[in-house]
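For reference, positions follow the sequence shown, starting with 1.
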Amino acid sequence: MAHPYNFATILIVSLLSISFTLTSVKADLIDEICSKTENKEVCYYALKEDPRSKGANLEGLMTITIDLSQKNATFTCNLVSMLLKKAIDPKLTMRYASCLKNFNDANNNLEKLPDLLKSKDYYGMHTNASAAIRDPFTCDNSFLEPPVEAPELKDASDKLRGLIDVILILINFLQG
């Protein structure tokens with residue numbers, strides 16, 4: 001079985017190396033979108049670093065962000081599964097099992113977004129993205145008391161929330 005960290009590392013390195021040779025979509029539009037997000041670093045990663053952004057309109061940027069969100073949710077599910085298998089502490093086992101359900105739920109909601117975007121059902125998109133963004137919060141909140149959340153899970157959760165936040169901002173732009 002491929003190690004989930006290797007996939008993420010390869011993906012990030014590939015995207016960064018490709019990005020240096022490409023021109024992205026209008027910087028002012030991306031700056032306007034990212035200025036409204038809570039995690040600007042994730043937003044710029046999604047909208048500037050992806051080679052598909054070159055010349056993309058709002059729907060194109062949405063497609064890219066949905067795709068990255070789905071990949072991140074799948075990666076995070078695999079990470080949580082690995083952490084669950086390694087967990088010895090019963091509290092961690094329960095928390096990771098709950099987090100796995102959370103991230104599977106987030107992934108299920110994100111999978112609905114491409115069809116909703118095609119049909120321009122922005123209300124449905126907002127409903128599903130809003131549900132999806134709550135799942136990483138729910139997982140993170142289960143670690144408010146010791147034992148603590150694994151740093152790699154916290155990072156993946158933060159990135160997923162950041163990507164879904166970009167989706168929610170883009171929905172507002174698409175609605176005009």
Side-chain angles (χ1 to χ4, degrees), residues 2 4 7-8 10-12 14-16 18-19 22-81 97-141 153 155-176:
F7 172 76
I10 291 169
L11 178 66
I12 291 170
S14 297
L15 288 174
L16 288 175
I18 291 170
S19 72
L22 297 173
T23 306
S24 65
V25 81
K26 296 178 190 173
D28 56 338
L29 176 60
I30 290 175
D31 289 340
E32 186 178 354
I33 293 165
C34 292
S35 73
K36 298 180 183 326
T37 63
E38 288 188 31
N39 190 332
K40 288 161 189 38
E41 184 179 318
V42 170
C43 181
Y44 282 113
Y45 160 77
L47 299 184
K48 279 192 174 180
E49 302 300 331
D50 193 294
R52 298 173 291 176
S53 293
K54 183 180 178 182
N57 60 14
L58 284 172
E59 286 187 12
L61 294 175
M62 177 66 86
T63 299
I64 292 164
T65 309
I66 290 169
D67 180 56
L68 292 173
S69 298
Q70 289 174 315
K71 287 177 181 173
N72 183 270
T74 299
F75 168 80
T76 307
C77 285
N78 292 336
L79 173 62
V80 175
S81 291
S98 178
C99 286
L100 184 56
K101 182 185 178 323
N102 294 137
F103 287 107
N104 279 323
D105 288 348
N107 208 6
N108 290 337
N109 281 304
L110 293 171
E111 285 175 355
K112 297 173 186 174
L113 296 181
D115 289 336
L116 294 167
L117 177 61
K118 285 178 189 168
S119 66
K120 299 188 184 310
D121 181 357
Y122 302 127
Y123 177 80
M125 289 184 73
H126 190 273
T127 299
N128 282 279
S130 295
I133 204 169
R134 284 191 298 267
D135 292 310
F137 278 116
T138 302
C139 174
D140 292 341
N141 286 339
L153 176 56
D155 290 343
S157 182
D158 289 346
K159 184 174 180 182
L160 181 58
R161 277 197 318 271
L163 288 166
I164 298 169
D165 184 38
V166 174
I167 290 170
L168 290 166
I169 299 299
L170 282 167
I171 291 168
N172 290 335
F173 275 80
L174 286 166
Q175 290 176 321

Within 6.0 angstrom of Y123 OH, more than 12 heavy atoms from elsewhere: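 No, the 6.0 Å shell around OH holds no more than 12 heavy atoms from other groups.
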
CA sep, side-chain torsions, deciding dist, call: D105, K101, salt bridge (Lys or Arg N to Asp or Glu O under 4.0 Å): CA-CA 6 Å; D105 288 348; K101 182 185 178 323; 2.9 Å; yes

Give a yes or no on whether a salt bridge exists between K159 and D155, defined as a side-chain N under 4.0 angstrom from a carboxylate O. no

Regarding K71 and D67, does a basic nitrogen lie under 4.0 Å from an acidic carboxylate oxygen? yes

Within-4.5 Å side-chain heavy-atom neighbours: [X] and [Y]:
| X | Y | result |
| --- | --- | --- |
| L29 | L47 | no |
| L153 | C139 | yes |
| H126 | Q175 | no |
| T76 | N107 | no |
| S53 | L61 | yes |
| L68 | V166 | no |
| L117 | Y122 | yes |

Distance (rounded to the nearest 0.5 Å) between [X] [atom1] and [Y] [atom2]:
| X | Y | atom1 | atom2 | result |
| --- | --- | --- | --- | --- |
| E111 | N128 | CD | CG | 11.0 Å |
| D140 | C99 | CG | SG | 7.0 Å |
| I66 | L113 | CD1 | CG | 4.5 Å |
| D135 | N102 | CG | CG | 5.0 Å |
| T127 | I171 | OG1 | CD1 | 8.5 Å |
| I133 | L160 | CD1 | CG | 8.0 Å |

Please confirm whether the backbone N or O of L100 pairs with a side-chain atom of N104, one donor and one acceptor, at under 3.5 Å?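 The answer is yes, because a donor-acceptor pair under 3.5 Å joins these two groups.
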
For C34, does its backbone N or O pair with a side-chain atom of T37 as donor and acceptor, under 3.5 Å?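 Judged by distance alone, yes, a pair lies under 3.5 Å.
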
Closest non-hydrogen atom pair between [X] and [Y], with its separation:
| X | Y | answer |
| --- | --- | --- |
| L116 | S119 | O-OG, 3.1 Å |
| L170 | M62 | CB-CE, 3.4 Å |
| A129 | I164 | O-CG2, 3.3 Å |
| A46 | L163 | CB-CD2, 3.7 Å |

Would you sort out whether Y44 and D31 count as a side-chain hydrogen bond (donor to acceptor under 3.5 Å, both in side chains), showing the intermediate values? CA-CA 8 Å; Y44 282 113; D31 289 340; 2.8 Å; yes

Determine, stepwise, if the pair L58 / I33 fulfils side chain to side chain contact (heavy atoms under 4.5 Å, CB included). CA-CA 10 Å; L58 284 172; I33 293 165; 4.0 Å; yes

Donor-acceptor pair between R134 and S130 side chains, under 3.5 angstrom: no

For K120, what residues pass the salt bridge (Lys or Arg N to Asp or Glu O under 4.0 Å) criterion, not counting sequence neighbours?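 Testing K120 for salt bridge (Lys or Arg N to Asp or Glu O under 4.0 Å), a comparison that skips the adjacent residues, returns E59.
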
